[in-house]
Amino acid sequence: MIRIYDTALGNLVELDLRDDNRMAMYVCGPTVYDTPHIGHGRFGLIFDVLRRYLQFMGIEVTYVSNVTDIDDKIIEKANQVSSSTAEIAAKYEQEWWDVMDALGILRPTHTPHATQYVTQMVEVIAHLVEKGLAYNTVEGVYMEVEKIPGYGLLAHQPLDTLKSGARLMVCSSHKRSPLDFVLWKPAKPGEPTWDSPWGKGRPGWHTECVTMALDLLGEDFDLHGGGADLAFPHHENERAQAQGLGRRFARRWMHNGWVVVEGEKMSKSLGNFVSLKDLVEQTDPRSYRLLVLRSHYRSPLEVTKRTILDAQDALQRLDALKRRFENPDILPDSLPDPLNRELAQATKQFHDKMEDDLDTPAALAVIFDLVRKANTLADQGQLAYGALVAGEVFSLCQALGLFAAVTDNNLVDDEITKLVNSRDQARLAGNYALADSLRKQLLAKGWVAEDTPVGTKLRHA
RNA sequence: GGCGGCGUGGCCGAGUGGCUCAGGCAAAGGUCUGCAAAACCUUCUACAACGGUUCAAUUCCGUUCGCCGCCUCCA
């Protein structure tokens, strides 16, 4: 079984599932108040790959990812543009799914919304108050963090240290401790509100995830994930509430590293690429997936125009392989022995790497080695064997959600077909000057003509 | 102030106490090709600095320098 780095334990652990062959995971989703950026894309891709890989291995995955559709920032935005919070949330949620779809990220099994869970959240908060773990003030209901043993697990810091850190920052308020966090916020004029035993108001952010996770996945679910910054305080606070309720929470915690976009230089050269929408519109969306997979999920990932284009070029290798082995005439059942063993070994290595804390860079290296192998076999005239190896490449790519694309020749219009035919004629007649000029014309129209033993092939430039 | 991470060749990025030190992109040369493209082969630059441990360190330990994250809403 796969091993992952558990943030709570601080080392690698087997992901032993609560139920055999079933994975229950919760990944914190977006607060829908603005356009999604490349950082969202990274975490979406990473957890998508984890999910796909497990599914590829025959595990049934329940993937829950919430949508925070009521929050200070949404209210702020709504006020700014004189819109309602519901409209803002709907607009950015749509954008969210649009880009996630474009990136090839599978839709979660469930996407609970905060506003649909208010009643249940109120129950959770009431329960915590009842147990004496939360207290009501004029500023809202707060969770009393010091009553939770082991608070600071995910931060890897003892309570006192956290407290001294927190004191450096803000303060004020009716909190008993600077670390106490708000469970219920009293209404301000003009804000959307819900009824509660503590008056009209709305739930604090940290409560929705606990409530939804426990509701949809049940106690002791397998994995809770999100961006590195979420570990503390967000996830810590979810834990605290679950613990306060006396309910078992996530077995494992997994956090992905940050996307680094170099300040000034980056924004100038990259500009619009910071927004995911621009990224997927201006580049092959697969290239960002490849770029993300080429670094380890816990490392910081620097995204630049250059690295994206670099990934896009690397993708060409896969696409070229796909073109080459598009329609294998005959596929042998298996490879002769030395080759067979090599292939089996490569496949095993791929899985070993994936299961070693999702070492996608190493897994990709295995894939690219197989690409070479397939091409070499074909170059040596063993096309069928090459096709078999290429088939394994495509299969493994599936586990990563990375698909090779084939040029769709059906989209070629008459004009292009004419040019190609004329060029073929010219070549047959030995009129290479004309042939080359026709090639240039094709290129100008965005097509690359490749001469192969089986005729001229076209692909997009 | 506290906690944590990082510094690898032109670029991105794995990894390892020693043996041929991933992979991708780029560059150079070659094979193939009418020319290209694709593919394959070959080559080129490495492990921030300084100490220490060791028969042997890029890999372990320490120090220094540089960069970054978290402790506050954040993927």
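To find a chain, count down the sequence lines: A is the first, B the second, and so on, and within it residues start at 1.
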Contact class for [X] vs. all strands (heavy atom < 4.0 Å): base, sugar-phosphate, or nothing?
| X | result |
| --- | --- |
| A:Phe232 | sugar-phosphate |
| A:Gly39 | base |
| A:His255 | nothing |
| A:Thr452 | nothing |
| A:Gly257 | base |
| A:Ala311 | nothing |
| A:Asp451 | base |
| A:Asn375 | sugar-phosphate |

Any N or O donor-acceptor pair linking the side chain of [X] to the base of [N] at under 3.5 Å?
| X | N | result |
| --- | --- | --- |
| A:Arg439 | B:rA36 | yes |
| A:Asp229 | B:rC73 | no |
| A:Arg298 | B:rG5 | no |
| A:Asp310 | B:rG24 | yes |
| A:Arg306 | B:rC25 | no |

Look at the side chain of [X] and decide which nucleotide, out of [options], has an atom nearest to it.
| X | options | answer |
| --- | --- | --- |
| A:Ser295 | B:rG13, B:rC35, B:rA37 | B:rG13 |
| A:His40 | B:rA14, B:rC3, B:rA75 | B:rA75 |
| A:Val259 | B:rA75, B:rG2, B:rG13 | B:rA75 |
| A:His156 | B:rA14, B:rC73, B:rC3 | B:rC3 |
| A:Gln157 | B:rG24, B:rA75, B:rG2 | B:rG2 |
| A:Arg317 | B:rC12, B:rA39, B:rG13 | B:rA39 |
| A:Ala365 | B:rA75, B:rG34, B:rG23 | B:rG23 |
| A:Thr307 | B:rC12, B:rC35, B:rA14 | B:rC12 |
| A:Phe368 | B:rA14, B:rA75, B:rG24 | B:rG24 |
| A:Arg372 | B:rA37, B:rC40, B:rA14 | B:rC40 |

Next item on the list: Could you tell me whether the side chain of A:Thr109 and the main chain of A:Thr62 form a donor-acceptor pair under 3.5 Å?
Entry: no
Notebook entry, point to check: If only atom types and distance count, is the side chain of A:Glu95 paired as donor or acceptor with the main-chain N or O of A:Lys91 below 3.5 Å?
Noted result: no
Margin query: By nearest heavy atom, map A:Ala314 and A:Asn256 onto RNA chain B; which one lands nearer the 5' end?
Written below: A:Ala314
Notebook entry, point to check: Judged by modelled atom types alone, do A:Asp69 and A:Thr115 share a side-chain donor-acceptor pair under 3.5 Å?
Noted result: yes
Notebook entry, point to check: Just checking, is any N or O donor in the side chain of A:Asn66 or A:Tyr26 under 3.5 Å from an acceptor N or O on the other one?
Noted result: yes
Note to self: If I take atom CG from residue A:Leu45 and atom OH from residue A:Tyr288, how far apart are they, to the nearest 0.5 angstrom?
What the structure shows: 7.0 Å
Checklist line | B:rA14 phosphate, OP1 or OP2, under 4.0 Å from A:Ser299 side-chain N/O | finding: yes
Next item on the list: Heavy atoms only: give me the nearest A:Ile46-A:Leu358 pair and the separation to one decimal.
Entry: O-CD2, 4.2 Å
Item checked: P spacing across the pair B:rC73 / B:rG2, given as an integer number of angstrom -> 22 Å
